A.B. asks: 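Dumping the structure here so I can ask a few things about it.
Numbers restart at 1 for each chain; the letters A, B, ... are given by sequence-line order, proteins then strands. Values in this document were obtained by computation on a predicted structure and should not be read as measured data.
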Amino acid sequence: MYNFEFVKPATIADAAKALGTEEAQALGGGQTLIPALKQRLNAPATLVSLSGIGEMKGVCRADDGTLAIGGATTHVTVASEAAAHYPALAALASHIGDPAVRNRGTIGGSLANNDPAACYPAAVLGSGATVKTNTRDIAADDYFQGMFTTALHDGEIITEVRFPVPQKANYQKFVQPASRFALTGVYVAKFADGVRVAVTGASENGVFRWTEAEAALSADFSPAAVEGLTVSADGLIRDIHGTPEYRAHLVKVLTKRAVAAAA
Amino acid sequence: MPQVSMTVNGKATSGTVEGRTLLSGYLRDHLGLTGTHVGCDTSQCGACVVHVNGAAVKSCAILALEADGADVATIEGQANADGSLNVIQQAFQDHHGLQCGFCTPGMVMSAAALLKENPKPTERDVREYLEGNICRCTGYHNIVKAIMAASGQDVTAIAAE
């Protein structure tokens, strides 16, 4: 790993200031970034740790009924503290990576990285959550812009994520057993005004909504409702673990499982 | 050069490190605590698991400076005060939970973290908890058996497959 200057500010304001310097990079839990730095895939001049910012940690129910999760909150904390408010989200967090990863990795870090096979993007897009940064609010539908690409500007910090809490929800992950990432994962959330279905791990463009399934499930929230639909393999990921056709098949199977588990 | 201080196995330590120094490097190269093993360069193998403020973490995936002020526990601090093996270590010996032993420090530290939060885990709980700890020798069966035994459960029904 190339050397860098390490700073650990205690406030969002100080972190934003530190990230304003040239070639500065934010560090969440480091469970992706540190391995990437070790591979010399990245060479920041300054690494700005977000782990010392108390105002970015924790889970609470906001006055408007949404669930607010600080950007520097670890997966293990979401798994325990979100359980009473939003069980599907807590369950997703409790199966990210492995225990040591969950003790360090953060929701903000995962979303800023936007790995095409990460779990949190499916929950955020599937819930229609809002990504709050130090400068603005970004709707999930605008936030994810492709593999490892987001609406974040350089130096922008995810301070909080606001989740509307659905009536029912479930996440089904078909685990790639070596990496623990999703070979394909589907998040289904049923709200009073409709159903959202978000798919991770499958597309070369990262997480996406399966809108045909959303329409079918909004009319009839049952596994049978998506039986007649087909998922196109165009633009899906081909790698040693699975073909685009295999992933397309998984999208439907996992959607049905998620609906069955949520119902 | 930055200074770092942390408590390691109950003793105050401090040293001069670089920004890029990993906690695993601080423990091994600065403190000479080479029981924490580094088995991969990709943060996947789990041989380097230590406890930071009580939580299991991969010491090769956290900067030493991130652990400044922390309370760190490594395999060197696991034995009983009289030097005898603790209950988890003894169970690994009794149930042949290792062959080459390279992954063992991480396995023991993960097991200790598991048993602290879940004192009577099921076999499945143990296997799920060890997802981030890779062993190339044992096929895991005897590791799982050792951890079950360390939790005080009867393991006679668990076959040594």
A.B. asks: Take atom CD in B:Gln3; do more than 12 heavy atoms of anything else shown fall under 6.0 Å from it?
C.D. replies: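 More than 12 within 6.0 Å, yes.
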
A.B. asks: Near B:Lys120 NZ, under 6.0 Å, is it more than 12 heavy atoms from other residues, nucleotides or ligands?
C.D. replies: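 More than 12 heavy atoms, drawn from other residues, nucleotides or ligands, come within 6.0 Å of this atom.
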
A.B. asks: Ignoring hydrogens and geometry, is there a side-chain-to-backbone donor-acceptor pair from A:Asn3 to B:Arg20 under 3.5 Å?
C.D. replies: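 Present.
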
A.B. asks: Using 0.5 Å steps for rounding, measure from the NZ atom of B:Lys58 to the CD1 atom of A:Ile34.
C.D. replies: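 Nearest 0.5 Å value for the NZ-CD1 distance: 12.0 Å.
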
A.B. asks: B:Val52 vs A:Asn103, test: side-chain contact (heavy atoms from CB on, under 4.5 Å). Steps then yes/no.
C.D. replies: CA-CA 10 Å; B:Val52 175; A:Asn103 281 334; over 6 Å; no

A.B. asks: Hey, is the main chain of B:Ala61 close enough, under 3.5 Å, to the side chain of A:Gln31 for a donor-acceptor pair?
C.D. replies: yes

A.B. asks: Atom NE2 of residue position B:His30 - does it have more than 12 heavy atoms of other residues, nucleotides or ligands inside 6.0 Å?
C.D. replies: yes

A.B. asks: Run the numbers on A:Lys8 and B:Asp68 for salt bridge (Lys or Arg N to Asp or Glu O under 4.0 Å), then give the verdict.
C.D. replies: CA-CA 10 Å; A:Lys8 191 169 178 176; B:Asp68 189 41; over 6 Å; no

A.B. asks: Using a cut-off of under 4.5 Å on heavy-atom pairs, state which of B:Asn133, B:Leu22, B:Thr21, B:Asp41 scores highest against chain A.
C.D. replies: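 Looking at each of B:Asn133, B:Leu22, B:Thr21, B:Asp41 in turn, B:Asp41 comes out on top.
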
A.B. asks: Quick check: does any side chain N or O of A:Lys38 sit under 3.5 Å from a backbone N or O of B:Cys60, one acting as donor and the other as acceptor?
C.D. replies: yes

A.B. asks: Heavy-atom count around B:Arg136 CZ within 6.0 Å, excluding the residue itself: above 12?
C.D. replies: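 Not buried by this count: 12 neighbours or fewer within 6.0 Å.
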
A.B. asks: Please report the shortest heavy-atom distance between B:Glu66 and A:Gly28, naming the atom on each side.
C.D. replies: OE2-O, 4.2 Å

A.B. asks: As a quick check of understanding, evaluate side-chain contact (heavy atoms from CB on, under 4.5 Å) for B:Val4 and A:Phe6, giving each step before the final call.
C.D. replies: CA-CA 12 Å; B:Val4 68; A:Phe6 175 85; over 6 Å; no

A.B. asks: Taking atom NE2 of A:His95 and atom CD of B:Glu128, what is their separation to the nearest 0.5 Å?
C.D. replies: 5.5 Å

A.B. asks: Given 3.5 Å as the limit, does a donor-acceptor pair link the side chain of A:Asp98 with the main chain of B:Glu131, or not?
C.D. replies: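 No: the side chain of A:Asp98 does not pair with the backbone of B:Glu131.
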
A.B. asks: Taking every heavy-atom pair that is under 4.5 Å apart, which of A:Ala36, A:Pro99, A:Pro177 has the most such pairs with chain B?
C.D. replies: A:Pro99

